[in-house]
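Report on the structure given below.
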2 protein chains.
Amino acid sequence: MALGSKPRRPKSVTITEVARAARVSIATVSRVLTNSPGVGEETRQRVRVVIEELGYHPNLTARSLVSQSTRTIAVISMQTLGQLQTQPALGQLFRGIEDVLAHEGYRCTVLSRDEFKQNVAGLRLVKGSGVDGVLLNGAKVNDPFAFELASYGFPFVTIGRAIGLVNTHYVDIDNLSGAYEAVRALIGAGHRRIAHVCGSQQTNLGIERLEGYRRALIEAGLEYNERLVIEAGMTRREAYRAVGEFLRSTEKRLWPTGVFVFNDFFAVPVMRALLDSGIRIPNDMSVIGFDDDDASEYLNPPLASVRAPIYQLGAEATRMLLPLVRGEEVARPQVLLPTEVVLRASVGPPASG
Amino acid sequence: MALGSKPRRPKSVTITEVARAARVSIATVSRVLTNSPGVGEETRQRVRVVIEELGYHPNLTARSLVSQSTRTIAVISMQTLGQLQTQPALGQLFRGIEDVLAHEGYRCTVLSRDEFKQNVAGLRLVKGSGVDGVLLNGAKVNDPFAFELASYGFPFVTIGRAIGLVNTHYVDIDNLSGAYEAVRALIGAGHRRIAHVCGSQQTNLGIERLEGYRRALIEAGLEYNERLVIEAGMTRREAYRAVGEFLRSTEKRLWPTGVFVFNDFFAVPVMRALLDSGIRIPNDMSVIGFDDDDASEYLNPPLASVRAPIYQLGAEATRMLLPLVRGEEVARPQVLLPTEVVLRASVGPPASG
DNA sequence: TAACATAGCGCAAACGTTTACGTTGCACTG
DNA sequence: CAGTGCAACGTAAACGTTTGCGCTATGTTA
């Protein structure tokens, strides 16, 4: 791998030039930069002035080399193309991450799936990149990369519970409780026959929300029927087809009167598929989603959902990672963020008794 | 700024240990790492074996220090909180960027708004971060930061045309043409009275799409009426209110029969506002958006839109930046990506002649 | 055979910092 | 007044690479 030719940008002013201009040693300049003691107030001011005049800014690369810390964390999304699309709140998540990082003086680099795939030993990538920690988003069940990080003792926090790993640090939405409450809401509205359009069972989101659905049914004394669980697939198109297929292959009298959808992302094509089959929402069927996407309240009809604090998700995960990076203890290594059911016009009582 | 305490991770194996194990000098090891000539085939293999055995990975920080290149580019979104939300295709954009970067062996770091704001002289931030180039997303009109980058001669490409800068490198959606064609489609369907819910006039997107709307009207011999231009604002909530306000404050006989919305993001609350006022879509009013969001075809009714290649937008911008970073010439410093009108049920003929 | 080119390799400087340690000068103690 | 302590600063090593230059051995040419 030949390194690219060096760009011929104007050379930056270095600490040496600052030192010369201020008539001190570079050690002293460094000390005022890092706010270290051992510098008289007078010289400290003089150096500061020179720094300002020369427009000096410390070279972070050099600093990292000696301090063995890049003050940078990596954000790695393990999802494939299709799955990533199912996370429209990506922007919210990133804002949460960035806000906390910026506040603590850290940066983040986004490692791409491709770069990650090329490198089977992803750990080396992380080591070579010189990042201080990793934020792992959307790890699959028994994710090999997560295992590798854990066994190496590398500081990392998963966004979403990493199923298969024990004693790992994570922060997640309380999917189980959220799904449970969503189905409870449908039951409360009078529904007895409730379907679930489920997400990928390779990820904790899909698994936990399905489980929440199941528990709510069982606890209410209702039957858990696998035939009423429809796999959404990876794209909206697949979800649309799956629901259409379900309706066509199921006798009308066996149709559910309510459906809990994995998330709002998929709820949109699900509603479309229902409407296209002549089903009225909520008259013939009630629909509730998950995530409470920003758009959901403006859909036609407005979509009931489970509010999930995505911004907090990113922020909390980052707040957990930073102590880890510094080798400090983390008070609560596992955090679940609460959810809240938001009822809207897509949910109503079932048509007949 | 005191640097954090050093993490006590197991020390990585360095080039020196590899050299010792392979019984060569570190210079030789370096040469095989960079595929430089001057190493016999036999020793080259021997070194490679040792590297593999020891699990060695070069320290990118040290490499960057001497090569004066971090092989990292910064992605900076200039938008504020509210505006960022209006870009739901952020994931698509990032994928385009990352895919190209990974292919070329680069990484990207995301600089946050906050970090940026603290540092009025944003240029220093960029210098200090040691990035090789900048991808600037959503620069405002006469953006001061873009000016600064340009005057310093720093390699950067704006995603979206940077109004106010001349001879700058950018890649953008062809907003003008896209908006023009969208309105042409409404006119083609028979509409004579067409409104526009416009985006922020602080950004080229808002300006250019408004201009496309205007030109289509003028060329068709229709009146351009500022009263029919409604400002969407920054959030969906604001857009919803603005449209409701417009309808309430306008005589019914003066209502438009078609509306071109800045983007699909805002089209959702716009449609909601119309429906809430008893307006049927498309019977009473046709609606067309922009971006062709993944969800648009599943909305109720399915939303006509202008397809915009967001993935390509990110990919092309990155493909343009990398030569710039290497000091090479860029063949086409300004690129406009074509758009395509997608008609759906939200557009139909006007009710009465 | 002498002169010379070249392939293969090592030495050491450089990249721009941080920081342990040493030195100086001065005030303060006993 | 000798001794001590400390604040203020400088010296130099270290971080892990890349790379220009020099050296040696071997092969080629005149």
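Residue numbers begin at 1 in each chain, while the letters A, B, ... track the order of the sequences.
With a 6.0 Å radius and a threshold of 12 heavy atoms from other residues, nucleotides or ligands, A:Arg23 has its CZ atom at or below the threshold.
Close to D:dT18, at under 4.0 Å from its OP1 or OP2, lies no side-chain N or O of B:Ser36. An OP1 or OP2 oxygen of D:dT18 is reached within less than 4.0 angstrom by no side-chain nitrogen or oxygen of B:Gln68. Between B:Thr28 and C:dG10 there is a side-chain polar atom (N or O) within less than 4.0 angstrom of OP1 or OP2. Residue A:Ser67 places none of its side-chain N or O atoms closer than 4.0 Å to OP1 or OP2 of D:dC15. One finds a side-chain N or O of A:Ser30 lying less than 4.0 angstrom from the OP1 or OP2 phosphate oxygen of C:dT18.
Pairing each heavy atom of B:Leu101 with each of B:Cys108, the nearest pair is CD1-CB, 3.3 Å. Nearest heavy-atom pair across B:Thr70 and B:Arg107 is O-NH2, 3.3 Å.
Spacing between atom CD1 of B:Ile15 and atom P of D:dC15 amounts to 14 Å, rounded to whole angstrom units. Remark: P of C:dT17 and CG of A:Leu33 are 8 Å apart, rounded to the nearest angstrom. Between the CG atom of A:Leu60 and the P atom of C:dC15 there is a distance of 18 Å, given to the nearest Å. Remark: P of C:dG16 and CG of A:Asn59 are 7 Å apart, rounded to the nearest angstrom. Separating the CZ atom of A:Arg20 from the P atom of D:dC9 is a distance of 19 Å, rounded to the nearest angstrom. Computed from coordinates, the A:Asn35 CG to C:dT18 C1' distance equals 14 Å when rounded to whole Å. Between A:Glu41 atom CD and D:dC9 atom C1' the separation is 15 Å, expressed in whole Å. Atom-to-atom, CZ of B:Arg23 to P of C:dG10 comes out at 12 Å; the value is rounded to the nearest Å.
The side chain of B:Arg63 lies closest to D:dT17 when the candidates are D:dT17, D:dG16, C:dC9.
Counted by atom type alone, A:Ser36 and A:Thr34 present one or more donor-acceptor pairs between their side chains at under 3.5 Å.
Between the side chain of B:Arg44 and the base of C:dG8, no donor-acceptor pair under 3.5 Å is found. A donor-acceptor contact under 3.5 Å is not formed by the side chain of B:Arg31 with the base of C:dG8.
Both B:Ile26 and B:Leu65 sit near DNA chain C, but only B:Ile26 has its closest nucleotide nearer the 5' end. Comparing B:Ala27 and B:Ala62 along DNA chain D, the residue whose closest nucleotide (by nearest heavy atom) sits nearer the 5' end is B:Ala62.
Among the atoms of the strands shown, none is found under 4.0 Å from any heavy atom of B:Thr61. Using a 4.0 Å heavy-atom distance criterion, B:Gly38 is classed as a base contact.
To the nearest 0.5 Å, atoms CZ (A:Arg332) and CD (A:Glu316) are separated by 8.5 Å.
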